[in-house]
Amino acid sequence: MINKDNFNIVLEKLGFTKTKEVYSKKYNNGAVLKADFKNKKLIYPKEIKKGSETTTNFSQNENFVVFECVNNLLQKEYKPDNIELEQVYGKIKKEDGGGRADVVVKDNENQVLLIIECKTFGHEFNIHWQKTLHDGDQLFRYLTNKRETQFLSLYSSGLVDDKVVQKYHLISL
């Protein structure tokens, strides 16, 4: 699991450079991701839209997974303009099909290509995958609001045997 104690190691393994207490990484498309350890802030490129600021701090281990996920998307040259964090669906009430999707990737026509729900590595990820298989869980609730979505993904990453490991399930629609 990625947490406050090993997040700096994860960033180093992902190619971030450290200047004072800030780790940063610049991508081919000019986007820059930063992790400010002094202020405990995760800083995303301004082009990435945010429905809320809940994933921009060090308060929850899941926030580190979201940050690592965005790193992978930018590394694969997705445009920051096509990435949204904490997009609100419905009225936030689970029973209404609502909630906040961790990461939404749109295509060049501004249609939802991929909805990613991030979970901490191991137990939490496994529990939510079983819930997804059983009743659709969060991912399929989001789908009820964005039927044009082409893919859903349950995503996790962790530090295992000194390596950053990703685990995910991708559902094609």
Side-chain angles (χ1 to χ4, degrees), residues 1-94 98-106 110 112-122 124-125 128 137-139 141-142 145-146 149 151-159 164-168:
M1 179 185 312
I2 303 172
N3 57 42
K4 293 175 192 173
D5 297 330
N6 64 17
F7 187 46
N8 62 322
I9 296 167
V10 170
L11 294 173
E12 289 168 7
K13 296 202 174 287
L14 295 175
F16 282 73
T17 56
K18 182 180 178 184
T19 305
K20 296 186 182 178
E21 293 188 59
V22 177
Y23 285 81
S24 63
K25 183 174 179 181
K26 187 172 183 177
Y27 301 85
N28 289 339
N29 57 20
V32 178
L33 272 180
K34 294 181 182 179
D36 181 342
F37 278 72
K38 181 179 181 184
N39 297 304
K40 299 188 178 349
K41 292 283 183 190
L42 300 171
I43 304 164
Y44 293 92
K46 66 181 181 323
E47 298 87 1
I48 293 180
K49 297 168 201 73
K50 293 184 279 305
S52 81
E53 297 291 324
T54 57
T55 58
T56 62
N57 56 58
F58 286 28
S59 67
Q60 297 179 35
N61 291 338
E62 186 177 294
N63 295 353
F64 303 127
V65 178
V66 172
F67 192 82
E68 188 276 337
C69 178
V70 171
N71 168 71
N72 279 339
L73 292 169
L74 294 173
Q75 193 73 40
K76 292 178 181 6
E77 299 194 10
Y78 281 90
K79 297 176 188 174
D81 307 64
N82 292 356
I83 300 171
E84 295 184 16
L85 303 179
E86 295 294 314
Q87 185 179 64
V88 176
Y89 285 109
K91 299 175 184 172
I92 300 295
K93 294 180 183 177
K94 293 179 182 181
R100 291 178 199 227
D102 289 327
V103 182
V104 173
V105 180
K106 294 190 173 182
N110 204 35
V112 177
L113 174 68
L114 168 64
I115 297 174
I116 304 170
E117 185 60 31
C118 296
K119 299 295 176 192
T120 57
F121 200 78
E124 184 186 19
F125 176 83
H128 281 277
D137 202 32
Q138 289 172 286
L139 285 171
R141 282 198 309 269
Y142 302 146
N145 290 286
K146 288 293 181 183
T149 303
F151 300 95
L152 300 172
S153 180
L154 186 65
Y155 182 90
S156 185
S157 59
L159 190 63
V164 179
V165 176
Q166 293 86 21
K167 183 174 183 177
Y168 64 91

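These numbers come from the heavy atoms of this one structure, side chains and all, not from hydrogens, waters or symmetry mates.
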- Task: Report the residues that fulfil side chain to side chain donor-acceptor pair (under 3.5 Å) with Glu21, sequence neighbours left out, ordered by chain and then residue number.
- Result: none
- Message: Tell me the closest heavy-atom pair linking Cys118 and Asp102, and the distance in Å.
- Response: N-OD2, 2.7 Å
- Item | Distance in Å, Leu42 CG paired with Phe67 CZ, rounded so as to fall on 0.5 Å steps | 5.5 Å
- Please, which pairs that meet salt bridge (charged side-chain N to carboxylate O under 4.0 Å, His left out) have at least one residue in residues 63-86, sequence neighbours excluded? Glu84-Lys106
- Note on the structure: Here the salt bridge (charged side-chain N to carboxylate O under 4.0 Å, His left out) pairs for residues 6-19, sequence neighbours left out, are Lys13-Asp162
- Give the minimum heavy-atom separation between Ser156 and Phe125, together with the two atoms involved. CB-CD1, 3.4 Å
- Query: Looking at Val104, Val105, Val103, which hits side-chain contact (heavy atoms from CB on, under 4.5 Å) with Leu114?
  - Reply: Val105
- Indicate the atoms forming the closest heavy-atom contact of Ser153 with Tyr168, along with that distance. OG-CB, 3.9 Å
- Message: Around atom NZ of Lys49, are there more than 12 heavy atoms from other residues, nucleotides or ligands closer than 6.0 Å?
- Response: yes
- Task: For the pair Asn72 and Tyr155, evaluate side-chain hydrogen bond (donor to acceptor under 3.5 Å, both in side chains) and give the outcome as yes or no after the intermediate values.
- Result: CA-CA 11 Å; Asn72 279 339; Tyr155 182 90; 2.7 Å; yes
- Note on the structure: For Phe37, the ring pair (Phe, Tyr, Trp, His ring centres under 6.0 Å) test, sequence neighbours excluded, returns Phe7, Tyr23, Phe58
- Residues that Tyr27 engages under side-chain contact (heavy atoms from CB on, under 4.5 Å), provided they are two or more places apart: Phe16, Lys25, Asn29, Ala31, Leu33, Asn71, Leu74, Gln75
- Message: Ignoring hydrogens, what is the shortest heavy-atom contact between Thr149 and Leu152? Give both atom names and the distance.
- Response: CG2-CD2, 4.1 Å
- Message: Could you check whether any side-chain N or O of Asp137 sits under 3.5 Å from a backbone N or O of Leu139, counting only pairs where one atom can act as donor and the other as acceptor?
- Response: no
- Does a side-chain heavy-atom distance below 4.5 Å link Pro45 with Val32? no
- Message: Applying side chain to side chain donor-acceptor pair (under 3.5 Å), can you list everything that pairs with Thr120, at least two apart in sequence or on another chain?
- Response: Glu124
- Message: When you compare the side chain of Asn82 with that of Leu113, does any pair of heavy atoms fall below 4.5 Å?
- Response: no
- Task: Count the heavy atoms of every other residue, nucleotide or ligand shown that sit under 6.0 Å from OH of Tyr44, and state whether that count exceeds 12.
- Result: yes
With a cut-off of 3.5 Å and sequence neighbours excluded, list every side-chain donor-acceptor pair involving residues 59-66.
unit_1, atom_1, unit_2, atom_2, d
Ser59, OG, Asn57, OD1, 2.5
Asn63, ND2, Thr54, O, 3.2
Asn63, ND2, Asn57, O, 3.1
Asn63, ND2, Asn57, OD1, 3.1

- In Å and rounded to the nearest 0.5 Å, what is the CD1 to CD1 distance from Ile48 to Ile43? 12.5 Å
- Which atoms form the tightest heavy-atom contact between Leu159 and Ile2, and what is the distance? N-CG1, 4.2 Å
- Note on the structure: Value for CG (Leu154) from CD1 (Ile115), rounded to nearest 0.5 Å, stands at 13.0 Å
- Note on the structure: Shortest non-hydrogen pair, Ala101 vs Glu117, comes out as CA-OE1, 4.1 Å
- Item | Nearest-0.5 Å distance, NZ of residue Lys26 to NZ of residue Lys34 | 10.5 Å
- Message: Restricting to side chain to side chain donor-acceptor pair (under 3.5 Å), what partner residues turn up for Thr56, sequence neighbours left out?
- Response: Glu53
